[in-house]
Amino acid sequence: MAVKIATIMIVLLLAGFPMMVPLLLGAFYGFYDLFNGFGKMEFMVQQMLAGIRPASLIAVPMFILAAEIMTRGQSANRLIDLVMKFIGHIKGGLAVSTATACTLFGAVSGSTQATVVAVGSPLRPRMLEAGYKDSFVLALIINASDIAFLIPPSIGMIIYGVISSTSISELFIAGVGPGLLLLVCFSTYSIVYATIKGVPTEPKATWKERWMSARKAIWPLGFPVIIVGGIYGGIFSPTEAAAACVLYALILEIIVFKSLKMADIYSIAKSTGLITAVVFILVGAGAAFSWVISFANIPQEILSSVGIDDMGPKGVLAVISIAFFIGCMFVDPIVVILVLVPIFVPVVEAVNLDPVLVGTIITLQVAIGSATPPFGCDIFTAIAVFRRPYMDVIRGIFPFTVILLFVSAALIFFPQIALFLRDLAFR
Amino acid sequence: MASSEGEKKQYRSTLPGFLGTLDTFISRFEALILAGGVILMAANTVINVVCRFIFQYSIFFTEELNRILIILITFAGIGYAARYGRHIRMSAIFDILSPRLRKILMIAIAIITAITMFALCYFSIGYIIKVASSGRILPSLQIPVFTIFLWVPVGFFVTGIQYALTAVKNITEKDIYLSTHVLEGYDDDELEV
Amino acid sequence: DTWKYAFEEAITDVQGVFATKFKEELEKNTDHEVQLYPYGTLGESADIMEQAQAGILQFVDQSPGFTGSLIPEAQVFFVPYLLPSDTKELNSFFRNSKAINENFKDLYAQQNLELLTMFPEGEVVMTTKEEVRSPSDLDEVKFRVMTNPLLVESYKAFGATPTPLPWGEVYGGLQTNIIQGQENPLFFVDSTKMYEVTDVITYAGHNNFTTAVMANKEFYDGLSDEDKKAIQAATDAAFEYILDYQKGLSEQAIENIKKAKPDMKVVVLSEEERAPFKAAAATVEEKFIEMTGDSGKAILEQMKADLKAAMK
Ligand code: NA
Ligand code: NA
């Protein structure tokens, strides 16, 4: 069955069907096959609805809305102007800032999709203006946003911790090392890219200019305060911080800057809803699809045929990495963690691996999978928000995937990248 | 990403007579659910924070209301996205085919997608009946769970109709259409949504 | 045949241990095979319940609290201080209760479910940032509860600000101080690491988390007498096993927690300290009757009678 479903999906995908169709027909076939006919098809609908229901997903439309208001108004530009006055003269400075902004925003908001929108919408036009190619810009935004999985708070790590009975605090600390390593690698690549492609720099700003732009950005600087201060200060959950940003953005753009009218808000909300729907229907279809895979015990069957029980620790880590990498290529990362972790827990215990290390590696694979074609939530979000064709969005991803795979291999051979900080704090 | 310019060019159905009026009306209604749903969700969430902090009182149904809204937004949105050819697809191979093949393939895509949507419409009605007969209610709002799914079959049906019309349009006209209003290729910015 | 059995917790938690034992027994004594699906692999609690009602799953474990949206009377298990905190009395109640074996069996049957058994999962404890000795200590404490009207009512009565938060946000919420407390059975506090983000565990004795195992009724009714017997036997074996398993469980959980976090404070409230909580709980019973009417009242009375019998 697994082979048939995979074939159906790949053929339909390549033929240019709307992406929900391969997922839906894959699930369709699964339900038909499992229950000998159309008798239980309504559970496909149940699972689609279950897929879009998790409370953590609500942050996505909220951050999209806030970002769109900021971008169409003046807030975003004022903030970026400020940053540019400080780093505009450095080769690759804008790209490095974008990567850093994605990492920080993603870390705090806990949603990679929200990050793609919130950081990507205002910064992408600037990067294009500055002379970066769109393929590079899109790939950078998508991949840097996924660093968020590794930096606390991370929903993926919480769920892994609960299922595998691993300390969540230790997981959180262990994620920081690889997360920062990724940021460093992406930044290095950005500087190399900017140098080779000869992306021009801006003249160095004077302190007076910097001061001027700081004054213009004083109101919009409230956003990082709301998000960082609000979440770490115990005032908001990430979803609520997003909604608070919407309110603040409305106040700034409508009352303070007078750059938007109420009518604009309606059209921004509409376009936010549209982007949300286009992405969420895929999340829902993916959930129906993964139900089939899970119900039919397909992961267990594949893994037992691999012979994981006879492998050493490094072999097990490699198999886990590959399994999560592939799983996240097709369905939502959280679902993959829920389905695969229980299968791996006994094996991990048997070969005496550190569950914190395993959790970090799994989270890294989840990050990679979400940014890697064919199916990837963050790719979908970028397509929906920036309105670029699929191929344009994924064109520049390859170098980033290479970096990511390099880091995950490094993690298998040098676990200290993850465990150093953990040991410092807990051992 | 979008300018307000496009607002001038509002959606007009290509269906004749009463059906056209109905289709135009549904499109407006979808837009209203999309925008209204998103705005309500933001308001709902903000009000809960304010209540918790100022009045020491958490609104117990905030989470449920947001879940209802996200279902509404998603299923109003898929129909709307279908009208404007905004559903995500991978067109790498499609794009290098000859126009004739592209046209045939597009007709097949539209028909198969429409059938898939109609089937899901049918199955979602089945699911709603199942949930309704179980009598399940939402724990906080205490309303029957099936009511929050009522827009789901409508969303699938409207989407199915849009793809069916796209197939018809591709059969009857010379050009290749991604949706009833959008020619293929991504320079669809003239019609802003 | 291959039978499918889904539950709401991880395989190593109480429901998972019960399911594993059930599977072992059944596979030992029959030719059937049982496949287990832990939390999240086939959807949330409500999803697996629907799947069991439709016969996609043959067995399902769902706590009556969650079944409340389907069978309102099942929320009786959320009424505080109804169940005894004495283990012997509690076990005797679950073994012999007429409310469970007759009243609830009928109610579940109306939902196309064959109630196989109900069993306790462990005493519910509060974990908070500050010590809780009396309802006034819960003043201005934002306390996370499941979205259930009776739980919300309970914690309102206890003096806290009940704050329904999705499970995925609880750990982060405690860490960042959006909420300052949550309740769960002790083993769950251990396995979900709630102790990492709170400082005090309080035994207020207000509840014991109960769960129920069911089979799809059509499936069950269609089985041979031999299979039915085997299922009953496996259920009984797993039931006794889980009661036994629980004996050391609380101590084990406390030991784990103490080992991971030596300065974690554990407070067992005295009878006097519990009194004001008990008094506050009376309003919750009223609310339960208001929500479920005569049928709920009947169940409540039957349960009280059963409990009286269990105390002898
Ligand atoms: Na994060
Ligand atoms: Na992917």
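Naming convention: chains lettered A, B, ... in sequence-line order (proteins, then strands); numbering from 1 in each chain. Everything numeric here is computed off the predicted structure, so don't read it as measured data.
Around atom CZ of B:Phe157, no more than 12 heavy atoms belonging to other residues, nucleotides or ligands sit under 6.0 Å away. Heavy-atom neighbours of B:Phe94 CZ from other residues, nucleotides or ligands within 6.0 Å: above the threshold of 12. At most 12 heavy atoms of other shown residues, nucleotides or ligands fall within 6.0 angstrom of atom CZ in B:Phe29.
The residue among A:Leu247, A:Ile268, A:Val279, A:Leu65 with the most heavy atom pairs within less than 4.5 Å of chain B is A:Leu65. Chain B forms more heavy-atom pairs under 4.5 Å with one residue of A:Ile281, A:Val393, A:Leu282 than with any other, namely A:Ile281. Put simply, of A:Leu25, A:Ile235, A:Val21, A:Ile265, the one with the most heavy-atom pairs under 4.5 Å next to chain B is A:Ile235. Taking B:Tyr127, B:Phe156, B:Tyr163, B:Phe149 one by one and counting their heavy-atom pairs under 4.5 Å with chain A, the maximum is reached by B:Tyr127. In terms of non-hydrogen atom pairs under 4.5 Å with chain B, the most contact-rich of A:Met48, A:Met391, A:Arg53 is A:Arg53. The most heavy-atom pairs under 4.5 Å with chain A, out of B:Ile39, B:Thr113, B:Leu69, come from B:Thr113. The most heavy-atom pairs under 4.5 Å with chain A, out of B:Ser124, B:Ala76, B:Gly155, B:Gly126, come from B:Ser124.
In this structure, the side chains of A:Phe43 and B:Lys130 come closer than 4.5 Å at one or more pairs of heavy atoms. In this structure the side chain of A:Tyr266 reaches within 4.5 angstrom of the side chain of B:Leu32, judged on heavy atoms. Two residues are said to be in side-chain contact when any heavy atoms from C-beta on lie closer than 4.5 Å; B:Tyr80 and A:Lys270 meet this criterion. At a threshold of 4.5 Å between non-hydrogen side-chain atoms, the residues A:Phe280 and B:Ile78 do not count as touching. Inter-residue side-chain proximity for A:Glu240 and B:Arg52 is flagged as met; some heavy-atom pair is nearer than 4.5 Å. When side chains are defined from C-beta on, B:Ile109 counts as touching A:Pro18, because their heavy atoms get closer than 4.5 Å. No side-chain heavy atom of B:Thr74 sits under 4.5 Å from any side-chain heavy atom of A:Val283. Contact of the A:Met20 side chain with the B:Thr116 side chain is not registered, since no non-hydrogen atoms from C-beta on lie closer than 4.5 Å.
Side chain of B:Arg89 to main chain of A:Gly16: a donor-acceptor pair is present (N/O by atom type, distance under 3.5 Å, no hydrogens or angles). Remark: the backbone N or O of A:Ala384 is paired with a side-chain donor or acceptor of B:Arg86 at under 3.5 angstrom.
Each of A:Val246, A:Ile275, A:Thr272 was scored for a side chain to side chain contact (heavy atoms under 4.5 Å, CB included) with B:Val38, with one residue passing: A:Thr272.
No part of B:Asn44 comes within reach of chain A, as not one of its non-hydrogen atoms sits under 4.5 angstrom from that chain. When heavy atoms are compared at a cutoff of 4.5 Å, A:Met62 approaches chain B solely by way of its side chain, counted from C-beta outward. Contact annotation for B:Val50: neither backbone nor side-chain heavy atoms come within less than 4.5 Å of a heavy atom of chain A. When heavy atoms are compared at a cutoff of 4.5 Å, B:Leu105 approaches chain A solely by way of its side chain, counted from C-beta outward. Both the backbone and the side chain of A:Ile52 come within less than 4.5 Å of a heavy atom in chain B.
Smallest separation of non-hydrogen atoms from B:Leu34 and A:Leu274: CD2-N, 3.9 Å. Between A:Ala269 and B:Ala35, the shortest heavy-atom distance links the atoms CB-O, 3.6 Å. Nearest heavy atoms, B:Val46 versus A:Ala244: CG2-N, 4.1 Å. Across all their heavy atoms, A:Ala277 and B:Ile73 have their closest contact at CB-O, 3.7 Å. Contact between B:Ile70 and A:Pro61 at its shortest, heavy atoms only, is CD1-CG, 3.9 Å. Minimum interatomic distance between B:Met41 and A:Ile58 (heavy atoms only, all atoms of both residues): SD-CG2, 3.7 Å.
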**Asked** side chain to side chain contact (heavy atoms under 4.5 Å, CB included) between B:Met117 and A:Leu24: does it pass, once the steps are laid out?
**Response** CA-CA 10 Å; B:Met117 291 298 125; A:Leu24 289 171; 3.8 Å; yes
**Item:** B:His87/A:Met19 under side chain to side chain contact (heavy atoms under 4.5 Å, CB included): CA gap, chis, key distance, verdict
**Value:** CA-CA 7 Å; B:His87 278 291; A:Met19 211 159 240; over 6 Å; no
**Request:** Go through the steps to decide whether A:Glu42 and B:Tyr122 satisfy the test side chain to side chain contact (heavy atoms under 4.5 Å, CB included), and finish with yes or no.
**Result:** CA-CA 9 Å; A:Glu42 60 270 24; B:Tyr122 177 77; over 6 Å; no
**Item:** Candidate pair B:Phe75 and A:Leu49, rule side chain to side chain contact (heavy atoms under 4.5 Å, CB included), full reasoning
**Value:** CA-CA 10 Å; B:Phe75 285 89; A:Leu49 292 166; 3.8 Å; yes
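Remark: A:Asp392 CG to B:Ser91 OG distance equals 8.5 Å, nearest 0.5 Å. How far CG of A:Leu57 is from CG of B:Asn66: 11.5 Å, rounded to the nearest 0.5 Å. If you take CE on B:Met90 and CG on A:Leu12, they are separated by 11.5 Å, rounding to the nearest 0.5 Å.
Classification of the A:Phe28-B:Phe123 ring pair by plane angle, with boundaries at 30° and 60°, yields tilted.
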